[in-house]
Amino acid sequence: MQEFKKIDLDTTINSGQVFLWDKIDDTWYGVDGSNILKITQDPFKISSSEKKASDFFRQDDNMEKILQSIKKDKIVKDAVLRFPGLRLLRQDPFQCYISFICSSNASIQNIKQMLKKITIKFGKRIIFGGHEFHTFPSARKLANSTIAELSSCGLGFRAKYVKKASQDVVSGRIDFNYLKKSDYKTAKNVLVDVYGIGDKIADCILLFSLEKIEAFPVDRWTLRILRKYYFDLFDESISRSITKKKYEEIHEKIVRHFGPFAGYSQQFLFKMERELNNKKWL
DNA sequence: TCATCACCTGGAGA
DNA sequence: ATCTCCAGGTGAT
């Protein structure tokens with residue numbers, strides 16, 4: 001089996017996509033919506049608390065073709081070479097949506113803590129594989145919660161975002177099935193209208209849970225990467241504060257350079273640069 | 001349209 | 001011990 005076909009669990013889970021994962025005795029456990037996943041690396045085996053078929057690891061993706069497509073330059077080539085087992089994940093959309101709304105101006109460890117508290121306070125407690133877990137709550141549950149309850153999970157100013165965003169799901173204003181079927185631009189325009197969701201967070205939700213592999217979240221790390229390695233390409237577009245128009249301009253250039261699987265290239269570059277700076281993950 | 005700034009909170013570094 | 005600063009941004013001037 002060629003190296004790129006093997007999924008590297010540690011690398012993938014520690015790449016900033018998911019927050020509710022823990023490793024217990026060489027086994028990874030994670031919360032994905034109402035489902036709890038249990039995964040071992042060797043042998044690679046997945047089991048779950050619910051019997052629902054979801055390809056969490058995107059094993060349907062043609063990695064040979066995707067990697068071929070994104071290796072446009074030496075930087076991405078190096079990143080792919082260093083983390084050949086890194087993958088994008090296919091997350092439960094509502095959990096992903098709330099997770100990244102919580103991520104604004106917060107560290108990964110802080111985000112993890114907020115989400116953990118949300119599951120304990122609002123999720124369903126279950127025992128799986130001999131361990132206790134709490135599922136991610138439904139939109140209705142969070143929509144009906146009070147700001148005070150949400151604040152007690154350490155959300156701070158994000159509490160009001162989470163409540164409103166949950167209400168938008170309950171009312172049907174946000175329909176994840178519709179967004180999955182829509183093209184990138186249409187879906188993005190819908191998401192950025194939600195209170196608490198801007199360009200970056202919308203792209204995270206699109207990439208990690210709504211099948212938009214061309215989405216390329218631009219955050220302070222990505223911006224740093226573009227400045228450091230791709231200055232010649234993005235030159236004028238990169239200013240200190242990034243406006244909506246600049247963001248679109250950058251995204252256009254990104255897709256032109258990295259191609260239709262740009263989101264994959266983002267994941268490799270992000271992983272590489274954070275490792276390079278010894279940043280912590282979960 | 002664009003640039004600043006406040007914002008909850010917890011953890012790291014001075 | 002106490003303080004400052006920052007963290008995968010966003011909304012309001």
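Computed from a prediction, not measured in an experiment: that's the story for all the values here. Here is how names work: the chains are called A, B, and so on, in the same order as the sequence lines, proteins then strands, and each is numbered from 1.
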Euclidean distance, atom [atom1] of residue [X] to atom [atom2] of [N] [Å, nearest integer]:
X: A:Glu248; N: B:dT1; atom1: CD; atom2: P; result: 10 Å
X: A:Ile118; N: B:dC8; atom1: CD1; atom2: P; result: 16 Å
X: A:Lys244; N: C:dA12; atom1: NZ; atom2: P; result: 14 Å
X: A:Trp221; N: C:dG9; atom1: CH2; atom2: C1'; result: 16 Å
X: A:Ile242; N: B:dT4; atom1: CD1; atom2: C1'; result: 16 Å
X: A:Asn110; N: C:dG8; atom1: CG; atom2: P; result: 10 Å
X: A:Lys160; N: C:dT10; atom1: NZ; atom2: P; result: 14 Å
X: A:Phe19; N: C:dA7; atom1: CZ; atom2: C1'; result: 12 Å

By the 4.0 Å heavy-atom rule, please label [X] as base, sugar-phosphate, or nothing.
X: A:Gln17; answer: base
X: A:Phe270; answer: base
X: A:Lys271; answer: nothing
X: A:Ser15; answer: base
X: A:Val194; answer: sugar-phosphate

Let's test your reading of the model: under 3.5 Å, does the base of C:dG9 pair with the side chain of A:Lys200 as donor and acceptor?
no
Is it true that [X] and [Y] have ring centroids separated by less than 6.0 Å?
X: A:Phe216; Y: A:Tyr264; value: no
X: A:His251; Y: A:Tyr184; value: yes
X: A:Phe133; Y: A:Tyr29; value: yes

Looking at every non-hydrogen atom in both residues, tell me the closest pair between A:Gly16 and A:Phe100 and how far apart they are.
O-CZ, 3.8 Å
Checking base pairs now: Watson-Crick or wobble, both atom distances under 3.5 Å. What partners C:dG9?
B:dC7
Does A:Lys141 make a cation-pi contact with A:Phe122 (under 6.0 Å, within 45 degrees of the axis)?
no
I want to check a possible cation-pi pair here: A:Lys112 against A:Trp281, using under 6.0 Å from ring centre and within 45° of the ring axis as the test.
no
Looking only at the side chain of [X] (C-beta and beyond, no hydrogens), which of the listed nucleotides [options] gets closest?
X: A:Asp219; options: C:dT10, C:dG8, B:dC8; value: C:dG8
X: A:Asn105; options: B:dT9, B:dC7, C:dG8; value: B:dC7
X: A:Gln113; options: C:dG8, B:dG11, C:dG9; value: B:dG11
X: A:Ser104; options: C:dT10, B:dA3, C:dG8; value: C:dT10
X: A:Arg220; options: C:dG8, B:dC8, C:dA7; value: C:dA7
X: A:Pro217; options: B:dC8, C:dG9, C:dG8; value: C:dG8
X: A:Tyr161; options: C:dG11, C:dG8, B:dC8; value: C:dG11

Interatomic distance at P, C:dT13 relative to B:dC8, whole Å:
14 Å
Please give the distance between the P atoms of C:dG8 and B:dT4 as a whole number of Å.
23 Å
If you compare every side-chain N and O of A:Lys280 against the phosphate oxygens of B:dG11 (OP1, OP2), does one of them come in below 4.0 Å?
no
How do A:Trp281 and A:Ile197 order along DNA chain C: which one's closest nucleotide is nearer the 5' end?
A:Trp281
Is it the case that atom CG in A:Asp26 sees more than 12 heavy atoms from other parts of the structure closer than 6.0 Å?
no
Closest-nucleotide 5' rank along DNA chain B - winner of A:Thr243 and A:Gly154
A:Thr243
Ranking A:Lys245 and A:Lys117 by the position along DNA chain B of their nearest nucleotide, the one closer to 5' is A:Lys245
